[in-house]
Amino acid sequence: MRKLTIEGKTIQDNGGCYVIAEIGHNHMGDLDIAKEMFKVAGECGADAVKLQKRDNRSLYTEAAYNKPYENPNSYGKTYGEHREFLEFGWHEYAELKAYADELGLAMFSTAFDFSSADFLARMDIPAFKIASGDLKNIPLLTHIARFGKPMILSTGGGTMEDVRRAYDAIMPINSQLCILQCTSGYPAAFDELNLRVITTYRERFPDNVIGLSSHDNGIAMAVAAYMLGARVVEKHFTLNHTWKGTDHAFSLEPIGFKKMVRDLKRVRAAMGDGVKRVYDSEVDPMVKMGKKIVAARDLPEGHAIQMEDLAIKCPGDGLPPYEIDKVIGRVTLKPLAADDDLSFEVLNGTQHRKEAAS
């Protein structure tokens with residue numbers, strides 16, 4: 001049975017959806033904003049909050065690091081300055097992890113490079129996220145796998161061959177692997193989400209929890225993913241769409257995030273157990289809307305019932321219409337007025353036509 005446990009919360013097919021609020025760098029490099037985002041995400045029902053960790057000097061080429069990056073979303077004159085401004089160090093991570101513990105949230109991060117992975121391992125985070133851009137980075141995947149912590153792997157921009165290669169590299173070292181369908185558009189177009197890949201992943205990887213990293217605008221696709229078998233949903237989160245940064249525009253604000261969590265809980269409850277039954281709440285409405293067999297006109301005692309003697313009317317508190325063939329041919333034991341209920345108690349126990357035939 002597919003199962004993954006993160007800080008005491010077990011994720012499995014017969015359970016609810018594990019919801020990750022992707023904070024990323026939407027905190028804009030401000031520790032207090034990050035803490036506020038943690039608090040609000042928890043209030044919205046998130047199970048976990050996720051950051052991103054980069055060792056920018058070792059991650060980017062010198063040309064990429066020093067590339068001019070002057071635009072409305074920039075926090076520096078170069079891309080390196082921009083990334084460094086947004087990066088949290090040991091002090092911030094320690095404070096945020098303690099705060100997440102206080103809130104009852106799991107806090108983990110995406111490791112974009114070896115140094116960041118080692119940093120997060122020393123921080124003893126409960127799980128590692130792997131970005132879609134590292135789906136083909138087998139050296140990093142196996143390095144992280146050796147930490148023995150749950151791994152959540154996004155698969156945007158990859159083929160099934162890429163996913164299988166990553167799976168084959170990780171699983172012999174660490175079987176605690178969750179695989180997320182992802183489309184790496186920001187935002188992703190609805191006709192490119194390809195949610196049926198969730199079904200494909202469940203078939204190809206029967207021992208692994210499957211989920212969705214959703215970059216679309218909206219909340220409905222998370223519910224659709226759950227119905228297809230996704231048990232982890234990762235969604236970008238912000239406190240304000242208008243804040244400075246590239247990710248805020250397609251991130252969910254608190255009201256949307258809260259509704260998504262609400263709907264994921266509702267759909268789990270709504271799925272039920274597959275046994276068709278009548279609920280107590282249905283009894284009164286079905287009496288009001290249902291039908292019964294009644295006399296279509298006044299009928300004398302001893303009258304052999306014909307189809308034209310019967311009517312089907314509301315409410316449904318009498319003999320149901322599916323019994324009509326058992327009524328035709330029987331004889332009334334007392335007079336009946338129009339709209340009186342037909343019942344086997346007011347009819348004789350044999351069908352008149354059968355008696356005549358014998």
Side-chain angles (χ1 to χ4, degrees), residues 2 4 6 11 17-26 46-54 108-113 127-138 140-141 144-145 150-171 176-205 208-238 246-252 256-257 260-261 264:
R2 62 183 95 228
L4 191 71
I6 301 176
I11 309 163
C17 192
Y18 190 85
V19 179
I20 303 169
E22 163 67 298
I23 307 297
H25 285 113
N26 280 351
D47 297 289
V49 286
K50 191 185 76 63
L51 301 170
Q52 297 177 8
K53 185 61 184 156
R54 295 171 175 86
F108 46 92
S109 183
T110 302
F112 282 84
D113 50 77
F128 282 83
K129 174 68 197 301
I130 311 297
S132 293
D134 284 309
L135 178 62
K136 303 175 187 178
N137 191 349
I138 300 303
L140 180 63
L141 299 184
I144 292 174
M151 297 175 64
I152 301 171
L153 174 68
S154 278
T155 59
T159 65
M160 183 57 72
E161 181 183 2
D162 295 325
V163 177
R164 172 60 71 174
R165 184 191 306 110
Y167 172 90
D168 288 343
I170 294 168
M171 287 295 286
Q176 301 175 84
L177 176 63
C178 171
I179 303 172
L180 305 185
Q181 162 59 353
C182 178
T183 302
S184 293
Y186 300 92
F190 289 110
D191 61 356
E192 294 182 350
L193 292 180
N194 206 359
L195 296 182
R196 287 183 179 173
V197 172
I198 293 167
T199 302
T200 302
Y201 282 172
R202 285 175 57 82
E203 293 170 351
R204 299 284 183 91
F205 310 112
N208 298 83
V209 171
I210 305 301
L212 174 70
S213 178
S214 182
H215 298 149
D216 63 289
N217 283 318
I219 65 176
M221 297 306 103
V223 173
Y226 183 85
M227 290 299 298
L228 289 169
R231 290 298 177 266
V232 172
V233 166
E234 177 187 74
K235 193 77 174 176
H236 283 255
F237 179 68
T238 184
T246 56
D247 291 353
H248 294 287
F250 66 88
S251 300
L252 287 182
F257 203 94
M260 183 187 72
V261 173
L264 285 167

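The analysis underlying the following values was restricted to heavy atoms, covering all of them including side chains, and did not include hydrogens, waters or symmetry mates.
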Chemist: Check whether any side-chain heavy atom of T200 sits under 4.5 Å from a side-chain heavy atom of R196, and report yes or no.
Modeler: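 No, side chains not in contact.
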Chemist: Is a side-chain donor or acceptor of S132 paired with a backbone partner of S184 at a separation under 3.5 angstrom?
Modeler: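 Flag not set: sc S132 to bb S184 has no pair under 3.5 Å.
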Chemist: Which heavy-atom pair separates A21 from A46 by the least distance, and what is that distance?
Modeler: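 Minimum heavy-atom separation between A21 and A46: CB-CB, 4.1 Å.
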Chemist: Mind checking the OH-CE spacing from Y226 to M260? Nearest 0.5 Å is all I need.
Modeler: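 So the OH of Y226 and the CE of M260 are separated by 13.5 Å.
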Chemist: On a heavy-atom basis, which atom in N217 and which in P187 lie closest, and how many Å separate them?
Modeler: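 In terms of heavy atoms, the two residues are closest at ND2-CG, 3.5 Å.
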Chemist: So, taking the atom named CG in L140 and the one named CG in D134, what distance separates them when rounded to the nearest 0.5 Å?
Modeler: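 Here the interatomic distance stands at 5.0 Å.
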Chemist: Taking all non-hydrogen atoms of both residues, which atom of L212 and which atom of M221 are closest, and how far apart?
Modeler: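 Nearest heavy atoms, L212 then M221: CD2-O, 4.0 Å.
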Chemist: Once rounded to the nearest 0.5 Å, what's the spacing between atom CD of Q176 and atom CD1 of I6?
Modeler: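 Atom-to-atom, Q176:CD and I6:CD1 are 9.0 Å apart.
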Chemist: Quick one: does T110's side chain have a donor or acceptor within less than 3.5 Å of a partner on Q52's backbone?
Modeler: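 The answer is no, because no donor-acceptor pair under 3.5 Å joins these two groups.
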Chemist: Write down the atom of S213, the atom of E234, and the distance for their closest heavy-atom approach.
Modeler: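 Minimum heavy-atom contact is OG-OE1, 2.7 Å.
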Chemist: On a heavy-atom basis, which atom in R54 and which in D113 lie closest, and how many Å separate them?
Modeler: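 Looking at all heavy atoms of both residues, the closest pair is CA-OD2, 3.5 Å.
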Chemist: Measure the NZ-NE2 distance between K50 and H236 for me, rounded to the nearest 0.5 Å.
Modeler: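 Here the interatomic distance stands at 7.0 Å.
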Chemist: Can you measure from CZ (F128) to CG (L141) and round to the nearest 0.5 angstrom?
Modeler: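 Here the interatomic distance stands at 12.5 Å.
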Chemist: Give every residue pair that meets the side chain to side chain donor-acceptor pair (under 3.5 Å) criterion with at least one member in residues 152-165, sequence neighbours excluded.
Modeler: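 Residue pairs passing side chain to side chain donor-acceptor pair (under 3.5 Å), neighbours aside: K129-S154, T155-Y201, T159-D162, D162-R165.
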Chemist: With the side chain counted from C-beta on, respond yes when I210 and R2 share a heavy-atom pair under 4.5 Å apart, and no when they do not.
Modeler: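 They are in side-chain contact.
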Chemist: For the CG atom of D247 and the CD1 atom of I23, what is their distance to the nearest 0.5 Å?
Modeler: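 Between D247 CG and I23 CD1, I get 11.5 Å after rounding to 0.5 Å.
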Chemist: Is any side-chain heavy atom of N26 less than 4.5 Å from a side-chain heavy atom of S251?
Modeler: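 With C-beta onward as the side chain, the pair touches.
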Chemist: Just to verify, which of V49, D47, V232, V233 counts as forming a side-chain contact (heavy atoms from CB on, under 4.5 Å) with I20?
Modeler: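 Only match with I20 under side-chain contact (heavy atoms from CB on, under 4.5 Å): V232.
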Chemist: Tell me if the CE atom of M227 is crowded by more than 12 foreign heavy atoms within 6.0 Å.
Modeler: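 At most 12 heavy atoms, drawn from other residues, nucleotides or ligands, come within 6.0 Å of this atom.
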Chemist: Which heavy atom of L177 sits nearest to which heavy atom of L153, and what is that distance?
Modeler: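 Distance-wise, the nearest heavy atoms are CD1-CB, 4.0 Å.
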Chemist: Do the side chain of R231 and the main chain of L4 share a donor and acceptor less than 3.5 angstrom apart?
Modeler: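 Checking the backbone N and O of L4 against the side chain of R231, no donor-acceptor pair under 3.5 Å is found.
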Chemist: Should N194 and Q181 count as side-chain neighbours, where that means a heavy-atom distance under 4.5 Å?
Modeler: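 Yes, at least one pair of side-chain atoms sits under 4.5 Å.
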Chemist: Do Y167 and I170 make a side-chain contact, defined as non-hydrogen atoms from C-beta onward lying under 4.5 Å apart?
Modeler: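 No, every pair of side-chain atoms sits at 4.5 Å or beyond.
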Chemist: Check whether any side-chain heavy atom of Y186 sits under 4.5 Å from a side-chain heavy atom of T246, and report yes or no.
Modeler: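 They are not in contact (no side-chain heavy atoms under 4.5 Å apart), so the answer is no.
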